[in-house]
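Because only heavy atoms are used, hydrogens play no part in the values below, and waters and symmetry mates are left out as well, while side chains stay in. Keep in mind the model is a prediction, meaning the values are calculated, not measured. Throughout, a chain's letter reflects where its sequence line sits, starting with A, and its residues are numbered from 1.
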Amino acid sequence: MNDNLRDLITDALKGHDAQYIELRVDENESTHIRYRGRELEEVNRTTSGGGCVRALAGGGWGFVSFNSLENLKEKVKAALRNARLVGGEPVTLAPVAPVVIKVHREVKKDPSKISLQDKKALLDQYVEEIWSVPGISSSSVGYGDAYRKRVFASSEGSYIEQEKLDVILRLNAIAREGSEVQQAGVSLGSAGDFSEMEGLHQQAKQVAQRAVELLKAPQVKGGEYTVVLEPVLAGVFIHEAFGHLSEADHVYEDERMKEIMVLGKRFGGKHLNVVDGAAVPGLRGSYAYDDEGVPSTRSYLIKEGVLVGRLHSRETAAKMGEPPTGNARAIGPQFPPIVRMTNTYIEGGDATAEEIIADVKDGLYVGNWYGGMTSMEQFTFSAGEASVIRNGRIEELRRPVLLTGNLFTTLESLDAVANDLSMNQGGGCGKGGQSPLPVSNGSPHIRIQRCLIGGS
Amino acid sequence: MAAADLRLDEVLDKATKVAQQAEVFHLSGWNEPVMFEANRLKILERRDSSGIALRLIKDGRIGFSSTTHWNGADTLVENALETVPFGPEAMMEFSDRREFTPVPVYDPAVEAHPLEGMMRLGQALIDGVRSGESELLCDASISRDVSTITLLNSRGGYARYTKSVFSAYIGGTLIKGTDMLFLGEGKTSCQPITDPSSLVDAVLTQLEYGRDIASPASGEMAVVFTPRGVSGALLAPLMAGFNGKSVLQGSSPLVEKLGERLLDKRFSLWDDPSLAMIPGSRMCDDEGVPAERMPLIDKGVISNFLYDLQTAGQAGTKSTGNSHRGLNSLPSPGVSVSLVSEGDTSFEEMISDIKDGIVVERLLGAGQSNILGGDFNANVLLGYRIEKGRITGRLKNTVINGNVYTVLKNFQALGNDATWMGGSLKTPSIYCTNVSVATRD
């Protein structure tokens with residue numbers, strides 16, 4: 001992308017009768033490598049790109065997306081036509097200062113500078129580690145890296161060019177005995193640093209051992225348990241059990257939700273502090289400007305157990321009279337930006353992990369994850385593994401479990417936070433058909449009383 | 001189309017010069033969603049997209065590249081060539097078919113339908129469900145989609161077809177204190193949807209059953225999965241075992257079970273992509289192999305697995321025409337249109353037969369567990385309590401847990417109410433026994 005593109009975009013945005021117009025253009029290059037069993041199943045190199053226009057006029061939004069950058073001005077007009085068809089009450093956008101800037105990404109070990117040969121050699125080693133464990137019947141290993149350059153320009157005079165790098169790795173091992181199939185896996189990610197994908201041989205082996213052990217493990221009986229969550233799963237928990245609720249687009253047009261989510265309301269104990277922010281550097285959800293050109297921030301959502309903030313786009317911030325937080329994100333040019341999380345985590349407390357486990361007479365220690373979902377009232381998250389806690393000690397292994405709870409009451413039952421904060425970079429978030437969006441989440445070990453678990 | 005066709009020929013020509021076999025896959029289309037939020041029209045969108053993928057076979061290995069960014073045929077060919085030394089060993093050759101039995105999946109009325117009609121339908125859905133409860137806060141989306149797939153390869157194989165898809169969704173939330181009732185219904189067709197009444201009626205029924213909160217349910221009990229419940233809870237863990245790749249790699253519970261009766265003999269399941277005007281239908285798969293009706297489970301007996309060309313080659317069998325692909329990755333096998341056998345029991349008869357049980361309609365978190373092993377495990381987002389043969393209200397804080405192979409081996413009844421769920425599944429309600437249910441008071 002060059003100055004020629006800048007001229008084209010600037011020119012396309014001129015001379016329209018609109019309240020606001022933004023234009024984005026993406027260029028992506030990605031590599032994917034996938035193994036199934038010991039076989040390399042797929043290697044591909046993909047280039048993609050395109051652009052979009054979002055326009056606000058007469059109280060309505062219009063949006064068009066496209067692959068070809070020809071006739072940009074016509075595309076702006078088409079978005080405006082759509083906006084006028086929508087119509088409605090006037091929409092206000094929280095003011096932001098126009099910015100003209102280029103943001104480069106520097107990483108320690110850039111995956112685009114590493115040959116396919118070297119990437120494959122590393123993955124081959126992980127596959128062999130998995131298969132060195134007796135009892136493995138299959139495995140899948142997936143690696144992906146992506147480089148993206150995104151231009152954002154607005155009718156308010158912003159022109160922002162940002163680079164982004166992303167790397168993911170998933171190691172999965174499957175064990176089968178007759179018609180019993182069990183699996184274990186681990187997902188890792190990084191904001192573009194290939195070195196974080198190196199040296200995972202031990203983890204690969206452990207994943208395989210775990211899959212085999214699960215074949216012999218009994219199921220947990222469904223019901224309520226005291227649970228201690230290891231940091232990676234606790235990160236998924238806070239993303240599902242609270243993060244989505246703090247996205248203002250679920251609240252700003254809903255009078256009932258506004259009452260429920262009033263700032264100052266107590267959600268948990270004084271030991272609970274929850275943060276989201278793309279301005280936290282070096283993580284998969286980090287960036288300088290969001291997809292409305294708003295600078296990223298780092299915001300407390302919960303401070304000492306009390307709701308103190310939420311995540312905004314320019315529209316939701318203006319409507320609720322709160323400052324914009326830079327959380328409007330789009331997964332690609334096919335979509336308009338919506339309110340999303342970035343890097344979401346529970347801050348560390350005082351206790352050690354051992355201490356919060358030691359207090360549990362009869363409970364479950366749960367870790368790793370398959371995923372999570374939320375409905376704005378209920379949430380679920382699935383642990384990849386569970387073990388019995390008996391008299392303060394982690395004992396036998398159980399099959400994976402689904403944990404569920406209520407967004408408004410479960411945080412009250414979160415009664416202990418350890419001091420070992422760790423970030424989970426292996427996840428992606430889905431919302432409004434836009435998935436997977438790179439995010440990170442994290443937490444120290446936490447303990448929840450009376451958590452409902454699905455089981456036999 | 002003409003300019004794009006020239007590009008496809010050019011890519012194939014250039015690729016064939018450097019590889020033994022080549023295949024070009026082109027996807028182009030547009031879609032137009034009309035989105036309503038908080039009871040009103042919010043945004044009109046239009047997306048145009050197209051892209052090309054190239055697959056090569058050279059020196060016995062498969063190479064691949066794709067782009068949505070036309071930088072000339074050379075870049076695409078070079079990128080694919082670069083992956084060849086690392087690619088999987090080719091166990092296939094491309095299909096030489098050029099003629100197919102037509103399967104109608106395109107209705108020009110979708111394209112001709114006025115945008116205003118879509119806006120009116122959305123508003124009618126919202127007004128219709130709010131007539132039953134004015135405090136419902138509704139979202140709706142009405143969307144149309146037209147896409148064309150073109151496939152050509154160096155063995156002379158060629159296929160092109162266009163599909164139109166029209167879909168409508170209405171969702172509503174009723175909040176009382178911190179209690180939330182989530183309602184929702186959707187419909188997908190190859191033809192325009194103009195009548196809001198069936199969707200409105202379905203949501204109003206959910207509202208009627210779910211308005212009050214029932215007493216908690218716990219233990220092993222009878223569960224009626226509605227067609228939406230079957231779609232959410234049972235289908236993914238059941239289908240996971242039929243993927244030819246999982247069978248080949250030994251990760252499917254169905255390995256070496258072909259021909260064995262594993263499920264109740266009343267239970268049959270077909271893949272049928274030949275049904276006219278069904279969004280999941282197609283005349284051929286994404287590698288140009290004819291797509292035909294095939295039993296997967298025949299009267300409880302495991303009868304066929306799903307294969308694409310490469311997986312079939314590895315397994316020493318033939319492609320079943322079940323190749324599916326996006327633009328950015330190699331094809332892989334999957335089901336196209338699932339049809340579950342119908343029974344003769346009505347939904348009302350199932351309810352009246354149950355002393356103590358639940359109805360499962362919508363789930364939260366399903367599919368995020370060991371589905372490969374057939375497990376289902378989820379929170380019941382919308383479900384009802386059955387007591388003494390009657391629906392007595394909505395479940396709260398409830399989870400279900402089970403395994404499809406166990407549940408479908410010994411179930412009570414199949415419904416006579418087979419319904420399309422989206423564009424690729426038609427199933428009746430299924431009345432099961434001994435499903436584990438747990439509730440937090």
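Other residues, nucleotides and ligands contribute only 12 or fewer heavy atoms inside 6.0 Å of the NZ atom of A:K221. Other residues, nucleotides and ligands place no more than 12 heavy atoms under 6.0 Å from the CD atom of B:E89. For A:K265, the NZ atom counts as densely surrounded, since its 6.0 Å shell holds more than 12 non-hydrogen atoms of other residues, nucleotides or ligands. Heavy-atom contacts from other residues, nucleotides or ligands closer than 6.0 Å to CZ of B:R61 number more than 12.
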Begin from the C-alpha positions of B:I175 and A:D254 and carry the test side-chain contact (heavy atoms from CB on, under 4.5 Å) through to its verdict. CA-CA 10 Å; B:I175 306 181; A:D254 187 335; 3.6 Å; yes
Give the C-alpha distance, both sets of side-chain angles, the deciding distance and a yes or no for salt bridge (Lys or Arg N to Asp or Glu O under 4.0 Å) between A:E42 and B:R55. CA-CA 11 Å; A:E42 175 160 359; B:R55 192 159 53 144; over 6 Å; no
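In this structure, the portions of B:K245 lying under 4.5 Å from any heavy atom of chain A include both its backbone and its side chain. Proximity to chain A is limited to the side chain of B:E135, based on heavy atoms less than 4.5 angstrom apart. Looking at B:Q310, there are no atoms closer than 4.5 Å to chain A (heavy atoms on both sides), in backbone or side chain. Contact of B:L381 with chain A is made through the side chain alone, with heavy-atom distances under 4.5 Å. Contact of A:R399 with chain B is not made at all, since no heavy-atom distance falls under 4.5 Å. Heavy-atom distances place both the backbone and the side chain of B:D179 under 4.5 Å from chain A. For B:F86, the parts lying under 4.5 angstrom from a heavy atom of chain A are both the backbone and the side chain. With a 4.5 Å cut-off on non-hydrogen atoms, B:M119 touches chain A through its side chain but not through its backbone. Contact annotation for A:T374: only backbone heavy atoms (N, CA, C, O) come within less than 4.5 Å of a heavy atom of chain B. Only the side chain of A:I260 has a heavy atom closer than 4.5 Å to any heavy atom of chain B. B:L115 touches chain A through its side chain: at least one heavy atom from C-beta onward sits under 4.5 Å away, while N, CA, C and O do not. With a threshold of 4.5 angstrom between heavy atoms, A:F379 approaches chain B through N, CA, C or O but not through any side-chain atom. Proximity to chain B is absent for every atom of A:L69, based on heavy atoms less than 4.5 angstrom apart. Only the side chain of B:L137 comes within contact range of chain A, judged by heavy atoms closer than 4.5 Å. Neither the backbone nor the side chain of A:P333 comes within less than 4.5 Å of any heavy atom of chain B.
For the set B:V399, B:T68, B:N403, the count of heavy-atom pairs under 4.5 angstrom toward chain A peaks at B:T68. Ranked by heavy-atom pairs under 4.5 Å with chain A, the list B:S65, B:S50, B:P85, B:G87 is led by B:S50. Contact tally against chain B (heavy-atom pairs below 4.5 Å) for A:N28, A:L56, A:I453, A:V64: the top residue is A:V64. Heavy-atom pairs under 4.5 Å with chain A were tallied for B:A378, B:G367, B:S66, B:A38; the largest tally goes to B:S66. Among the candidates B:S329, B:S141, B:S246, B:G177, the residue making the largest number of heavy-atom pairs closer than 4.5 Å to chain A is B:S329. Of the listed residues (B:R46, B:E37, B:E82, B:K396), the one with the most heavy-atom contacts under 4.5 Å to chain A is B:R46. Each of A:G50, A:P400, A:P336 has some count of heavy-atom pairs under 4.5 Å with chain B, and the biggest count is that of A:P336. For chain A, the option among B:M35, B:E32, B:R40, B:E220 with the highest count of heavy-atom pairs below 4.5 Å is B:R40. Put simply, of A:R34, A:M376, A:E255, the one with the most heavy-atom pairs under 4.5 Å next to chain B is A:M376.
Put simply, the side chain of B:N401 reaches to within 4.5 Å of the side chain of A:Q219, judged on heavy atoms. Proximity of A:Q183 to B:L372: side-chain heavy atoms (C-beta onward) are separated by under 4.5 Å at one or more points. Using a 4.5 Å heavy-atom threshold, the side chains of A:V86 and B:K42 count as separate. Side-chain contact between B:N370 and A:Q182 is present, with heavy atoms from C-beta onward closer than 4.5 Å. The shortest distance between side-chain heavy atoms of A:N44 and B:N79 does not fall below 4.5 Å.
Nearest heavy atom pair, residue B:Q368 against residue A:Y370, reads O-CB, 3.4 Å. B:L330 and A:E41 make their closest contact through CD1-O, 3.5 Å (heavy atoms, listed as atom of the first residue, atom of the second, distance). Taking both residues in full, the closest heavy atoms of A:R176 and B:G250 are given as NE-O, 2.7 Å, listed atom of the first, atom of the second, then distance. Closest approach of A:L85 to B:E116, counting heavy atoms only: CD2-OE2, 3.9 Å. The minimum heavy-atom distance linking B:A438 with A:G222 is given by the pair CB-C, 4.0 Å. Residues A:I174 and B:S251 approach most closely at CG2-CB, 3.6 Å, considering heavy atoms.
Interatomic distance, B:L363 CG to A:T380 OG1, rounded to the nearest 0.5 Å: 10.0 Å. To the nearest 0.5 angstrom, A:H32 atom NE2 is 10.0 Å from B:F64 atom CZ. If you take CZ on A:F63 and CD1 on B:I43, they are separated by 7.0 Å, rounding to the nearest 0.5 Å. The CG atom of B:L364 sits 10.0 Å away from atom CD of A:E377, with the distance rounded to the nearest 0.5 Å. Interatomic distance, A:R45 CZ to B:T75 OG1, rounded to the nearest 0.5 Å: 11.0 Å. From A:S65, atom OG reaches atom CG of B:N31 across 7.5 Å, with rounding to the nearest 0.5 Å.
Distance alone, capped at 3.5 Å, places no donor-acceptor pair between the B:N379 side chain and the A:Q378 backbone. Panel note: side chain B:R440, backbone A:R450; a donor-acceptor pair is recorded below 3.5 Å.
In summary, the side chains of A:S382 and B:S369 do not present any donor paired with an acceptor at a separation below 3.5 Å, with no hydrogens or angles considered. Side-chain atoms of B:E45 and A:N82 form no donor-acceptor pair, as typed in the model, at a separation below 3.5 Å.
A cation-pi arrangement is found for B:R47 relative to A:F335, the charged atom lying closer than 6.0 Å to the ring centre and inside a 45° cone about the ring normal.
The one candidate from A:N67, A:T47, A:T46 that meets the side-chain hydrogen bond (donor to acceptor under 3.5 Å, both in side chains) condition with B:T67 is A:T47.
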